[in-house]
Amino acid sequence: MIIRNLKDILGTASEVRAPNGNWESRRLLTRDDNMGFSMNDTIIKAGSVNHLWYKNHLEAVYCISGNGQIEDLATGIIHQIEPGVLYALDKNDKHILRGGTADMRMVCVFYPALRGDEVHDEDGSYPPPDKG
Ligand code: 9YT
């Protein structure tokens, strides 16, 4: 059994910050935990604009607090995000995630699991699991 506490992750290498300052991702479960998926407790900064395309991963995101929007770039449809809303990128969907008026706190699950130190590349993706 694995037991983790967010407070033990804060301030360590498992607290990953976007180079552009748009998000902070606390990597609770990573590839080395051998669960097949990984889990982050992520803060998306209010007002931030994030062009994302997880072409190498599926991601499910559940909002706990704050507000924002996700734009599906295949359809142009914009969905509002508030506490209780989940979105799942089941088609490796290209999207824009916009922070709203208050920082969003989100639980993010990635399959396959993240290594734990990833930040986005120029496409807004993380490298495939076999790289690095
Ligand atoms: C929701 C989302 O994709 N945010 C960007 C950061 C990423 N999910 C992460 O690594 O926590």
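Throughout, residue positions are numbered sequentially from 1 according to the sequence presented. These figures come from a predicted structure and were not determined experimentally. Whatever order the structure lists them in is the order used to number ligands and atoms, beginning at 1.
Remark: the backbone N or O of Y54 is paired with a side-chain donor or acceptor of N92 at under 3.5 angstrom.
In terms of N/O distances under 3.5 Å, ligand 1 is not approached by H120. Considering backbone and side-chain atoms together, Y126 places an N or O closer than 3.5 Å to an N or O of ligand 1. In terms of polar-atom proximity, E59 is counted as a contact of ligand 1, with an N or O under 3.5 Å from an N or O of the ligand. For ligand 1, none of its N or O atoms has an N or O atom of W23 under 3.5 Å away.
When each of R31, E59, H57 is checked for a side-chain contact (heavy atoms from CB on, under 4.5 Å) with L114, only H57 meets the rule. Only one option out of M39, E118, R4, E15 pairs with R27 in a side-chain contact (heavy atoms from CB on, under 4.5 Å); it is E118. Screening N40, L29, N56 against F110 for a side-chain contact (heavy atoms from CB on, under 4.5 Å) leaves a single residue, N40.
What sits closest to atom 1 (C) of ligand 1 on the protein, heavy atoms only, is Y87 OH, 3.3 Å. The protein atom (non-hydrogen) at minimum distance from atom 3 (O) of ligand 1 is Y54 OH, 2.8 Å. Counting only heavy atoms of the protein, atom 11 (O) of ligand 1 lies nearest to T42 OG1, 2.6 Å.
Those atoms of ligand 1 that come under 4.0 Å of a heavy atom in F110, given as number and element, are 8 (N). Below 4.0 Å from some heavy atom of C108 lie the following atoms of ligand 1, by number and element: 1 (C), 8 (N). Of all atoms in ligand 1, numbered sequentially from 1 with element shown, those under 4.0 Å from a heavy atom of L97 are 1 (C), 2 (C). Per-residue contacts place R27 under 4.0 angstrom from the following atoms of ligand 1 (heavy atoms of the residue considered): 9 (C), 10 (O). Atoms of ligand 1 lying under 4.0 Å from at least one heavy atom of S25, given by number and element, are 9 (C), 10 (O), 11 (O). Taking every heavy atom of N40 and a limit of under 4.0 angstrom, the matching atoms of ligand 1 come to 9 (C), 10 (O), 11 (O).
For the atom pair CZ (R26) and OG1 (T42), the distance works out to 7.5 Å, reported to the nearest 0.5 Å. Interatomic distance, M106 CE to L97 CG, rounded to the nearest 0.5 Å: 5.5 Å. I2 contributes atom CD1, which lies 6.0 Å from atom CE of M35 (distance to the nearest 0.5 angstrom).
Salt bridge absent: D93 and K91 never bring a charged side-chain N and a carboxylate O closer than 4.0 Å.
Residue-environment remark: OH (Y87) exceeds the threshold of 12 foreign heavy atoms within 6.0 Å.
At a heavy-atom cutoff of 4.0 Å, ligand 1 is contacted by no atom of E118, backbone or side chain. With a 4.0 Å heavy-atom cut-off, ligand 1 is reached by no atom of V16. With a 4.0 Å heavy-atom cut-off, ligand 1 is reached by no atom of N50.
With N22, V119, I44 as candidates, the residue nearest to atom 4 (N) of ligand 1 on a non-hydrogen basis is I44.
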(request) Could you walk me through whether Y126 and H120 pass the side-chain contact (heavy atoms from CB on, under 4.5 Å) test, one step at a time? (result) CA-CA 5 Å; Y126 291 146; H120 296 124; 3.3 Å; yes
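For N50 and S48, the side-chain atoms include at least one donor-acceptor pair closer than 3.5 Å.
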